[in-house]
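Each chain gets a letter, A, B and so on, in the order the sequences are listed, and its residues count up from 1.
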There are 2 protein chains.
Amino acid sequence: MTSDIPDIVIGRLPIYLRELTRLAEEEGRINTSSHELGKRLGISSAQIRKDLSHFGEFGKQGTGYHINYLIEKLREILHLTNEWDVALVGAGYLGHALAHYHGFEHRGFRISWIFDNDPTKIGEQMDQLIVLDVTKMEQVIQEQHIKVAVIAVPANYAQEITDRLVAVGVRSILSYAPIHLNVPRGVEISYSDPVIQLQRMTYYLP
Amino acid sequence: MTSDIPDIVIGRLPIYLRELTRLAEEEGRINTSSHELGKRLGISSAQIRKDLSHFGEFGKQGTGYHINYLIEKLREILHLTNEWDVALVGAGYLGHALAHYHGFEHRGFRISWIFDNDPTKIGEQMDQLIVLDVTKMEQVIQEQHIKVAVIAVPANYAQEITDRLVAVGVRSILSYAPIHLNVPRGVEISYSDPVIQLQRMTYYLP
DNA sequence: TAGATTGTTAATCGATTAACAATC
DNA sequence: TAGATTGTTAATCGATTAACAATC
């Protein structure tokens with residue numbers, strides 16, 4: 001048995017964490033309630049309490065949740081107490097944007113390596129990093145024990161890169177390639193394809 | 001009553017469409033079955049047939065689905081028979097990547113306008129487009145009847161931009177800002193925050 | 001204390017799947 | 001025809017919600 005907590009519950013925890021962080025850092029708040037959090041996120045308070053109850057009791061009757069305490073607990077649950085080093089594959093426009101994005105900081109991730117196969121990009125500096133030859137990818141990932149990768153390569157390379165990442169131990173992959181990828185059991189994969197998201201919304205447009 | 005087809009079903013149709021297009025264009029296939037499509041996508045064949053049955057009968061017993069016919073039908077269902085002009089707000093690294101991304105073509109969308117508030121970016125050429133002053137945003141969107149927008153601005157601007165977009169008629173918004181946005185009923189919103197996705201996956205990492 | 005809010009239960013609601021008659 | 005596959009039904013499975021005792 002791995003874990004019988006539904007994946008859909010796990011998927012909401014980062015949303016809670018993000019909003020709690022916002023409450024604490026942007027608004028200087030100390031406490032909140034499932035009702036307030038739910039109202040801000042468009043989620044029922046019952047669902048928030050039920051989700052959290054899978055992991056323990058983090059609140060107090062009458063006063064709700066101490067925000068920093070709940071943040072800490074969510075970080076533990078999601079394995080974010082240390083930063084994950086992330087390998088980014090693909091140094092095109094999107095890789096460039098990801099390399100320069102500072103939104104990973106303090107949220108559990110650090111892009112530590114960037115790879116590409118284009119000789120004109122290899123050696124280029126991106127933010128603090130140097131683009132490395134993708135032929136070095138396996139060696140670096142193994143030596144550094146990298147478990148998390150982001151794929152920003154064209155669709156026709158994505159499956160090959162995925163296979164190579166998995167082969168050297170990567171277990172969580174976020175792919176921006178507009179294609180379904182096959183991964184073995186035990187490897188988590190998540191997709192980001194703006195067109196898929198837009199197409200879902202245009203269904204509702206007249 | 002708007003439509004009683006579950007949103008989760010609508011969300012899978014673009015995935016089917018993408019894989020069908022791949023089957024036709026990359027592999028030159030003419031026909032497929034719910035079983036084959038499901039196997040390629042990690043979805044049960046029953047679910048695919050059930051999803052499609054909400055909209056009509058598109059297959060034939062014994063032979064399955066004619067791919068190009070089903071593609072055409074899915075495009076009609078998702079309102080992709082004409083291209084939607086999209087307004088992109090934010091011309092930073094991510095806006096740059098989106099402006100140069102050619103994955104929108106032939107999938108129902110065309111980024112037609114880019115806006116930013118940074119004087120050093122206004123007037124800059126991105127792909128085929130010129131970055132316009134965001135103060136011109138409302139006027140352009142109204143005149144061009146733009147209904148779809150992509151937000152690639154910092155979190156602290158995202159709600160204001162959203163409100164302004166909605167006020168001039170935008171009804172579908174894809175936001176890359178790492179923040180929950182409030183929109184009125186009748187406006188669809190979709191989010192892309194890589195950290196949220198990574199955090200869901202690290203739960204499963206030891 | 002009185003008011004507020006939790007964690008949890010049971011009921012409701014909704015989605016997925018197995019199975020199969022129909023039929024190409 | 002025989003084999004394959006659809007569309008649909010009913011059963012199963014899973015997620016959400018309403019309600020409330022417990023208690024801060």
Side-chain angles (χ1 to χ4, degrees), chain A residues 1-17 19-20 23 29-74 77 200 203-204, chain B residues 1-17 19-20 23 29-74 77 200 203-204:
Chain A
M1 193 199 77
T2 44
S3 157
D4 54 3
I5 295 166
D7 184 62
I8 198 160
V9 172
I10 307 303
R12 281 189 293 261
L13 300 184
I15 307 281
Y16 301 160
L17 177 55
E19 193 66 23
L20 288 164
L23 272 164
R29 298 283 304 283
I30 303 297
N31 296 292
T32 188
S33 64
S34 60
H35 179 79
E36 181 183 51
L37 191 57
K39 195 147 169 264
R40 293 176 65 114
L41 294 174
I43 293 176
S44 80
S45 64
Q47 180 158 86
I48 290 173
R49 294 197 302 279
K50 185 116 219 291
D51 286 352
L52 296 176
S53 75
H54 286 99
F55 303 95
E57 306 192 356
F58 307 121
K60 274 201 183 65
Q61 288 102 323
T63 57
Y65 302 92
H66 186 272
I67 293 175
N68 282 336
Y69 178 74
L70 186 50
I71 285 174
E72 180 61 22
K73 289 297 161 187
L74 287 172
I77 293 165
R200 204 199 76 235
Y203 170 79
Y204 298 99
Chain B
M1 192 200 79
T2 44
S3 156
D4 54 3
I5 295 166
D7 184 62
I8 198 160
V9 172
I10 306 302
R12 281 189 294 262
L13 301 185
I15 307 282
Y16 302 159
L17 177 55
E19 193 66 22
L20 289 164
L23 273 164
R29 297 282 304 283
I30 303 297
N31 295 292
T32 189
S33 65
S34 61
H35 180 78
E36 180 182 51
L37 191 59
K39 196 149 169 262
R40 292 177 66 115
L41 294 174
I43 293 175
S44 79
S45 63
Q47 180 158 87
I48 290 173
R49 294 198 301 278
K50 186 114 219 292
D51 286 352
L52 296 177
S53 76
H54 285 99
F55 304 96
E57 307 190 356
F58 307 122
K60 274 201 185 65
Q61 287 101 325
T63 56
Y65 301 93
H66 186 272
I67 294 176
N68 282 335
Y69 177 74
L70 186 51
I71 286 174
E72 179 61 21
K73 288 297 161 187
L74 286 172
I77 292 164
R200 204 199 75 234
Y203 170 79
Y204 298 99

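- When the P atom of D/dG7 is taken as reference, atom CG of B/L52 falls 7 Å away, rounded to whole Å.
- Of the listed residues (A/H35, A/E36, A/R29), just one forms a side-chain hydrogen bond (donor to acceptor under 3.5 Å, both in side chains) with A/T32, and that residue is A/E36.
- Taking only side-chain atoms of B/K50, from C-beta outward, the nucleotide of C/dC24, D/dC24, D/dT9 with the closest atom is D/dT9.
- For A/H66, the NE2 atom counts as densely surrounded, since its 6.0 Å shell holds more than 12 non-hydrogen atoms of other residues, nucleotides or ligands.
- Listed nucleotides D/dT8, C/dT8, C/dT16 differ in distance to A/S53; the shortest reach to its side chain belongs to C/dT8.
- Contact annotation: A/Y65 does not reach the phosphate of D/dC24 (side-chain N/O to OP1 or OP2, under 4.0 Å).
- Heavy atoms of A/S45 sit nowhere under 4.0 angstrom from any nucleic acid atom.
- Set against C/dA15, C/dC24, C/dT6, the side chain of A/S33 has C/dT6 as its closest nucleotide.
- We find that CD1 of B/I67 is positioned 12 Å from P of D/dT6, with the value rounded to whole Å.
- For the pair A/L20 and A/I67, the tightest heavy-atom approach, listed with the atom from each and the gap, is O-CG2, 3.5 Å.
- Rounded to whole Å, atom C1' of D/dT8 lies 16 Å from atom CD1 of B/I48.
- Applying the Watson-Crick and G-U wobble criteria (two distances, each under 3.5 Å), D/dA22 pairs with C/dT5.
- Atom CG in A/L37 sits about 13 Å away from atom P in C/dT5, given to the nearest Å.
- For the pair A/T63 and A/I8, nearest-nucleotide mapping onto DNA chain D gives the more 5' position to A/I8.
- For the residue pair A/Y16 and A/L74, the shortest heavy atom distance occurs at CB-CD1, 4.1 Å.
- B/D51 places its CG atom 13 Å from the P atom of D/dT8, with the value rounded to the nearest Å.
- Between the C1' atom of C/dC24 and the CZ atom of B/F58 lies a distance of 18 Å, rounded to the nearest Å.
- Closest heavy-atom contact between A/I77 and B/Y203: O-CD1, 3.3 Å.
- Picking from C/dA18, D/dC24, D/dG7 the nucleotide with the shortest atom distance to the side chain of B/R49 gives D/dG7.
- Both distances falling under 3.5 Å, in either a Watson-Crick or a G-U wobble arrangement, place C/dT17 opposite D/dA10.
- Taking only side-chain nitrogens and oxygens, B/R12 never comes nearer than 4.0 Å to OP1 or OP2 of C/dA15.
- For D/dT16, the OP1/OP2 oxygens have a side-chain nitrogen or oxygen of A/Q47 closer than 4.0 Å.
- The side chain of B/S34 has D/dT6 as its nearest neighbour among D/dT6, D/dT17, C/dT6.
- Atom CD1 in B/I43 sits roughly 9 Å away from atom P in C/dT16 (whole-Å rounding).
- When the C1' atom of D/dT23 is taken as reference, atom CD of A/Q61 falls 4 Å away, rounded to whole Å.
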